[in-house]
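In this chain, residues are counted from 1 in sequence order.
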Amino acid sequence: MANEKTTTLAPAAETQPKPNQTKPKRRAKPAGQGKKVEKKEVEAPVSKKKPEKKASSQGKGKSRFGPRPAAAAKPKGKDVAAKAIRKDGKDQPVRIYFLGGLNEIGKNMTLYECGDDMFIVDCGLAFPDEDMLGVDLVIPDFTFVERNKNKIRGILLTHGHEDHIGSLPFLLKKFNVPLYGTQLTLGLVAGKLREHGLLNKTKLNVCAPGQVVKLGCFSIELIHVNHSIPGAVAFAITTPAGVIIQTGDFKIDCTPIHGEMIDLGRFGEYGRKGVLALLMDSTNAERPGYTKSERSVGESFDVLFKRAEHRRIVIATFASNIHRVQQIIDAAARYGRKVALSGRSMVNVASVGMELGYLKVPDGIIVDLDQINHYPKEKIVLITTGSQGEPMSALTRMAFSDHRKVAVGPEDFIIISATPIPGNEKTVGKVVDELLKLGCEVVYERMYEVHVSGHACQEELKLMMGITKPKFFIPVHGEQKHLQKNVGLAKSMGIPIKNIFTPDIGKVVEFTRNTMKDVGTVPAGRVMVDGIGVGDVGSIVLRDRRHLAEDGLIVVVATIDSMDGHIISGPDIVSRGFVYVRESENLMDDIKRKVQTALEDCSDHNIREWGNIKTRVRDDLSKLIFDRTKRNPMILPVIMEI
């Protein structure tokens, strides 16, 4: 039946083709009819052949991932490409815009376009680098998306990590668009939208692996994958040009903590039918072999819980790693310990996980953080944020004795169950050092198997290429070294170098059934969030902040006569972060004299334009200070006229 071709979650205004539209033509076809009718006869059966039998391999996860929407039906695995062909029979090109997640870790965002239809895959954030002083978050540049907002049919989310969903509130404040994702992913998104007052304005469409979302000329099937958070999916995107698979973050875990292993069978079915392009996770492309199963961490926890004996156990991990939290709770239950949660994000994610059934927690095992001092230390496990050494995280505040409710010391056994994100190694090391100074015993990833990655290593990446058999390959999600390593793997799997495209942020690639080409760039990049300000901190502001941090500030204040320009009062010198004034009185006196000389010289030469006066003061003072100190503080002249 035609209404069984795909599961449609699109708005009600979008309708499926009518069931009997082509049949009369088939029966009434006269001999010698033109080729146009013959083409329709070939195209219509393409979507009506026997693939219904393949439906048994899909939808296995519907009970694991919560109820489906009432309008959803079990997909039959049909080839729906024929439905996306234009009426004139020609293929429409498909464009992919890379707006984030390349040559960086985080900020993942990809935009697909076909004719007048667009949709977005993920909308994540990144955390600031060390040189982004005072910046809280980094989000994608939405300029191109805003320019095309009338074409965008929806946003599809691969999973619930911050680098894939964190920027949604900032985008949804600009315009409204439906969201599609699995139950846990949208559960985490709902919490973020509630904080920003957007929840009641946004349509959240819960989907399960195996369902098909129809957005304009796109049909997108969700395929179950393994990752470090439940509810992760890949997308098989059927377009007029062919099928494009975007894996999202994935690994192959044969013994996952929650649910089943990755649906390799479905990827294989698409591979047999023909995959135009594969966009694949590159994060672990440098690592040989296979990523270990999450269950191996549980075995390590068992050993460490025995070793902790009569000490309190504190475990820092990613708040969104629900699999890890589940294993910690299971270990605590085995050893008769209570569990407390510390850190706002840890409490929020655990609450959503328990509410949706992804976290199985025995009755009475969770205690409030305020109550932990009512129990012996050997009866407590504290799960906390701060595995990356974030300055305001719970573990960092404990390390620097700045936590309001938890003080750590020799009676604490601390496990850091995470690998430092590239660039965070120093901050994590600093936290470990401070904990050791307090007398804690600290176990981190290199010492025991207390962390495994959620991303595929080389053999898993090659396996994904092997079963999907893509014509074209695009590495995504990672820094340049990761992308290039993934390119090397693709070449080793026999994909010609001419069929491989290594993208960068802002790049646009266009596909037809037989071609892939670079068609230029669009506005893209990073926007910095500082407090409630979005985008008001740019390269100039960051340059000034670095300047202030490196060499300090000197403020010169003077009052001059509006008639002849001579000095009436001052100059007064204010130094911040440059030198300790009480120990540098001679230098301060020389600075005053230099400013006085510059102002008097301007007066003598009848220079009255304020910009010129400030430039003269700044230049003369900068030369003096550099000659005397080899430093370049920021110099801020404040000149007043009376």
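Each ring pair (Phe, Tyr, Trp, His ring centres under 6.0 Å) pair with one or both residues in residues 230-251, not counting sequence neighbours, would appear here, but there are none. Within the structure, salt bridge (charged side-chain N to carboxylate O under 4.0 Å, His left out) pairs that include any residue of residues 140-149 comprise Glu146-Lys174 (at least two apart or interchain).
Checked against side-chain hydrogen bond (donor to acceptor under 3.5 Å, both in side chains), Arg95 has the following partners two or more places apart in sequence or in another chain: Glu510. Remark: Ser293 engages Asp253, Thr255, Arg295 in a side-chain contact (heavy atoms from CB on, under 4.5 Å) (not counting sequence neighbours). Remark: Asn321 pairs with no residue by the side-chain hydrogen bond (donor to acceptor under 3.5 Å, both in side chains) rule, at least two apart or across chains. Every residue was checked against the ring-ring contact (aromatic ring centres under 6.0 Å, His included) condition with Phe473, not counting sequence neighbours, and none meets it. With sequence neighbours excluded, no residue forms a side-chain hydrogen bond (donor to acceptor under 3.5 Å, both in side chains) with Thr384. Applying the ring-ring contact (aromatic ring centres under 6.0 Å, His included) rule to Phe501 yields no partners; only residues at least two apart in sequence or on another chain are considered. Residues satisfying the side-chain contact (heavy atoms from CB on, under 4.5 Å) criterion with Ser345, sequence neighbours excluded, are Ala319, Thr385. Evaluation of the side-chain hydrogen bond (donor to acceptor under 3.5 Å, both in side chains) rule for Lys471 yields Asn514 as partners, not counting sequence neighbours.
Open room surrounds CG on Asn200; 12 or fewer heavy atoms of other groups in view lie less than 6.0 Å from it. Counting heavy atoms of neighbouring residues, nucleotides and ligands inside a 6.0 Å radius, atom CZ of Phe144 exceeds 12 of them.
The nearest pair of heavy atoms linking Ala241 to Phe511 is CB-O, 3.9 Å. Of all non-hydrogen atoms in Ala524 and Ile505, the two that sit nearest each other are CB-CG2, 3.6 Å.
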For residues 516-523, which side-chain N or O atoms pair as donor and acceptor with protein atoms under 3.5 Å away, sequence neighbours left out?
from	atom 1	to	atom 2	distance (Å)
Asp518	OD1	Gly520	N	2.9
Asp518	OD2	Lys507	NZ	3.0

Report all side-chain donor-acceptor pairs from residues 120-128 shorter than 3.5 Å, counting only partners two or more places apart or in another chain.
from	atom 1	to	atom 2	distance (Å)
Asp122	OD1	Thr158	N	2.8
Asp122	OD1	Thr158	OG1	3.2
Asp122	OD2	Thr158	OG1	2.9
Asp122	OD2	His164	ND1	2.7

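Residues His323 and His227 keep their aromatic ring centres 6.0 Å or farther apart.
We find that Arg287 and Glu460 are not joined by a salt bridge, their nearest charged nitrogen and carboxylate oxygen being 4.0 Å or further apart. Residues Lys485 and Glu479 are not paired through a salt bridge, judged by the lack of any N-O separation under 4.0 Å between the basic side chain and the carboxylate. Between Arg526 and Glu104 there is no salt bridge, since no side-chain N of the basic residue sits under 4.0 Å from a carboxylate O of the acidic one.
Ring geometry for Phe218 versus Tyr112: interplanar angle over 60°, hence perpendicular rather than tilted (30 to 60°).
When side chains are defined from C-beta on, Val432 counts as touching Ile416, because their heavy atoms get closer than 4.5 Å.
Distance alone, capped at 3.5 Å, places no donor-acceptor pair between the Ser417 side chain and the Ala316 backbone.
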